[in-house]
4 protein chains.
Amino acid sequence: MTSAPPPGCAGRRVRGRTGRPRSPETDRAILDATRAALVELGWGKLTLGDVAARAGVAKTTLYRRWAGKNELVVDAVAALFDEHLELPDRGSLQADVEGVVLQFAALLERPEAKTALMAVVSESTRDDALRARIRSAIVDRQKTLVLLGRRRAQARGELPFEESPAAAARDADLIFDVIAGAVVHRALVSGERVDAEWTGAFVALLLFGLAGRTAT
Amino acid sequence: MTSAPPPGCAGRRVRGRTGRPRSPETDRAILDATRAALVELGWGKLTLGDVAARAGVAKTTLYRRWAGKNELVVDAVAALFDEHLELPDRGSLQADVEGVVLQFAALLERPEAKTALMAVVSESTRDDALRARIRSAIVDRQKTLVLLGRRRAQARGELPFEESPAAAARDADLIFDVIAGAVVHRALVSGERVDAEWTGAFVALLLFGLAGRTAT
Amino acid sequence: MTSAPPPGCAGRRVRGRTGRPRSPETDRAILDATRAALVELGWGKLTLGDVAARAGVAKTTLYRRWAGKNELVVDAVAALFDEHLELPDRGSLQADVEGVVLQFAALLERPEAKTALMAVVSESTRDDALRARIRSAIVDRQKTLVLLGRRRAQARGELPFEESPAAAARDADLIFDVIAGAVVHRALVSGERVDAEWTGAFVALLLFGLAGRTAT
Amino acid sequence: MTSAPPPGCAGRRVRGRTGRPRSPETDRAILDATRAALVELGWGKLTLGDVAARAGVAKTTLYRRWAGKNELVVDAVAALFDEHLELPDRGSLQADVEGVVLQFAALLERPEAKTALMAVVSESTRDDALRARIRSAIVDRQKTLVLLGRRRAQARGELPFEESPAAAARDADLIFDVIAGAVVHRALVSGERVDAEWTGAFVALLLFGLAGRTAT
DNA sequence: ACATAAACGAGACGGTACGTCTTGTCTTTAT
DNA sequence: ATAAAGACAAGACGTACCGTCTCGTTTATGT
């Protein structure tokens, strides 16, 4: 999960060849400014006029490329996920899961990710286009980690192969929601740190279950 | 989780006995109007002026009792949680968990809960007072369900007693984050329905773990 | 123009004899507070809540006695005119007029009089009741000075007796408007000081006219 | 006093050449709306939001050009003075003065002038910038009429030439305060009409003085 | 002495306007 | 054609006062 494909900013249509071309540096400057503003102001106080000023860019330019605050922030945050999530092989399913949990937790400690993630999710509950954008820019990218981890565990013999592709997909979705959900809830709703101790306890629960732990 | 203690709206200080007392009907009218406005407009478009108008109340009156949008919405949503979450004894740990998961999912399908919950969580990442308010008004109330469920399961012999109060508290927190997190993530981030099938699979995973399921 | 009749605050009706009587000190405290607030804040920023607070009195008490800002300020300012305008006999018409002009100018240098006078006049252009109140509380009191001065000048032989009472009244009104108008305009509109030099030139003009001055 | 120089609205600074220029029609629309609102509502009830709505303009646009109610109203009223005061040669000093007095009186019968003039004068007692604005926008323009009238009277031999420029200026100021003050006081404070009869008596007094009238 | 009734303080209340801010569009000049 | 600057209409923001109201308390009578 390293080389990001073009951020796919919504307003960008395939253009004719005439006219002054859009500066690609401008894209970067705006996204950087967005992240910086998120850190300082949070979602609620973030304004597009302020982002434009920070980026040294006219508001017009900003609106030419993104439809609004939501779209801009999704793109700005998506880049963070691309840069910071990966799944090196740590030799066992348990170690792999613990690794990705801690990585995800580190990401969620960044103020720009923390604030923005919940905010855009909140907005997406009333905006289908936004939900789709979040799914493709953020959720689906994370989900590949689950698929990769399972494939490795299956190769090691830690997990059985699935009976059908449909069951496999359902199961991956479930595991993804449990892992991502637990980490997000711990970090943002409960407001507690996701440290090694909690991670260990969580992965134990995930692998062996409430009942399984009892038996152990 | 039925009889709600007074909603504890923050602005209400212990006052002297002089002056006209605040009308308690006004409190209710404002909270009802807030929920109605959330359904229609969502968090982003919600306006305190609009809430005041719906409640047939002056903006001043509203600001006299709540410091802002966040505080108001937390109280308005907290009431929903109080009214709609309970844990009737269904005879087994598995049935109890499935019951509460479905109940929680039904709550999260209400548009006012959906939008508002994530929005205030997002804001709480930059506002400690708000986080405390959410914790006491929403999170802690839900957490009692976990404690109650565990006590029952222990009474039935499904779960062992904890070694220490500290360990018990840590474990309850973990279980709570896993259940609530998974349901919220499924419903709001992944945007999929939390139906009986998913619930069954999730509870199986929770009870027996990835490894345990394999063995079964 | 010394012993003021009761300030005649509008709201005071003849009451039954039971019930707690209104405190006369409260009247004074409110009028004093009004003048003090006028000095500090001016007409535009003056608020009745602030006056009440300064007087150590509840807003209700204030509204029980005066209908609003205008009425209150007229009464507060009228007292100033009562206290500060009089016409000692200085031996000649010229000296008498110069004396009253300087006295009036001194009054208009008080910030509370300055601001309040023009403000209530402005309001009175759209409020007949207020105009009547100003006339009886302020204008008529000043006008008696003109009548007194003319009587003295006639006794000295400086001015002839009028042919008819109607002509006498018209002439007194004219002289009053010229004197008061010139002083007010100089002091408040032109914003220049009314000093001995200007007063001398003005009274010379008033007595001898543009043409008469030329001849002299 | 016909062709008005640019109204000189305070907020207008010399700007760079980029950016959308301010619409000059907007200026006119706002000033017209201000006068209309003054007629209907008077100074006290006049609302900048209402003015903006009448002018079909956003409040922001209004505040971009004027600092507040006072400044706006001064400019709106100044235009009236520019349009309605002039001094055609009527052949004699007496006729000239009577003409300008009646003209000024007609102006002061307009409700927008009546209310607004005293109100801004009242505010100007606490605001030096406002006083300066009134002086340059209204007072100084009127004063030129006095200068013009005197020059004509001197040319006709009705008045002598002044000994020094300083004395000339002092004298013009005095005459201006007497004429304007008397008319304003008669019209607004005493609340009586300035008709031909009063005007005749006033101009006679002005030309010949209290003593001079007696001799005649 | 004891009721009656108004005055009084405190402060909630429904309104209205404030002056500022942000949004997304539009219009200009400059590159 | 794109960029920067900034005007613009729209409308929400949170605050301040308005004038009214509802309380509980106090202070004069009139019995």
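Everything quoted here is computed from the prediction, not taken from an experiment. In what follows, every chain begins at residue 1, and chains take the letters A, B, ... in the order their sequences are listed.
- The phosphate of dG14(E) has OP1 or OP2 within less than 4.0 Å of a side-chain N or O from Thr61(B).
- Checking side-chain atoms of Thr115(C) against main-chain N and O of Ser122(D) turns up no donor-acceptor pair under 3.5 Å.
- In this structure, Met118(D) and Thr125(C) have side chains that are not in contact, with every pair of non-hydrogen atoms separated by 4.5 Å or more.
- Thr61(D) places no side-chain N or O within donor-acceptor distance of the main-chain N or O of Val57(D), the cut-off being under 3.5 Å.
- The pair Arg131(D)-Asp127(D) does not meet the salt-bridge criterion, since no charged nitrogen lies less than 4.0 angstrom from a carboxylate oxygen.
- The Arg20(C) side chain lies nearest to dA6(E) when the options are dA7(F), dC13(E), dA6(E).
- Under a 3.5 Å cut-off, the side chain of Arg126(D) and the backbone N or O of Val39(C) do form a donor-acceptor pair.
- The side-chain tip of Lys69(A) points at the ring of Trp43(A) from less than 6.0 angstrom away and within 45° of straight on.
- One atom, CZ of Arg54(B), and another, P of dA12(F), lie 12 Å apart when rounded to the nearest Å.
- Rounded to whole angstrom, the span from the CG atom of Leu62(B) across to the C1' atom of dT15(F) amounts to 14 Å.
- Partner of Glu40(D) under the salt bridge (charged side-chain N to carboxylate O under 4.0 Å, His left out) criterion, chosen from Lys45(D), Arg35(D), Arg54(D): Arg54(D).
- At dA7(E), none of the side-chain N or O atoms of Ser23(C) fall inside 4.0 Å of OP1 or OP2 (strictly under the cut-off).
- A distance-only check finds a donor-acceptor pair linking the side chain of Thr34(B) to the backbone of Ile30(B) [under 3.5 Å].
- Looking at residues 117-128 of chain D, you'll see that no heavy atom sits under 4.0 Å from any atom of DNA chain F.
- For the OP1/OP2 pair of dC8(F) and a distance below 4.0 Å, the side-chain nitrogens and oxygens of Arg65(D) include at least one atom meeting the criterion.
- Rounded to whole Å, atom P of dA12(E) lies 13 Å from atom CD1 of Ile30(B).
- Remark: C1' of dA17(E) and CG of Leu41(D) are 13 Å apart, rounded to the nearest angstrom.
- In this structure, Asp75(B) pairs ionically with Arg133(B), as a charged nitrogen and a carboxylate oxygen lie closer than 4.0 Å.
- If you measure from atom CG of Asp27(D) to atom P of dA7(F), you get 12 Å, rounded to the nearest angstrom.
- The CD atom of Glu25(A) sits 14 Å away from the C1' atom of dA3(F) (whole-angstrom rounding).
- In this structure, the CZ atom of Arg22(B) is 12 Å from the P atom of dG14(E), given to the nearest Å.
- For the pair Arg64(B) CZ and dT22(F) P, the interatomic distance rounds to 15 Å; values are reported in whole Å.
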Summarise protein proximity over nucleotides 18-24 of chain E in one line of letters, 5' to 3': B for base, S for sugar-phosphate only, - for none, counting protein heavy atoms closer than 4.0 Å.
-> SBBBSBB
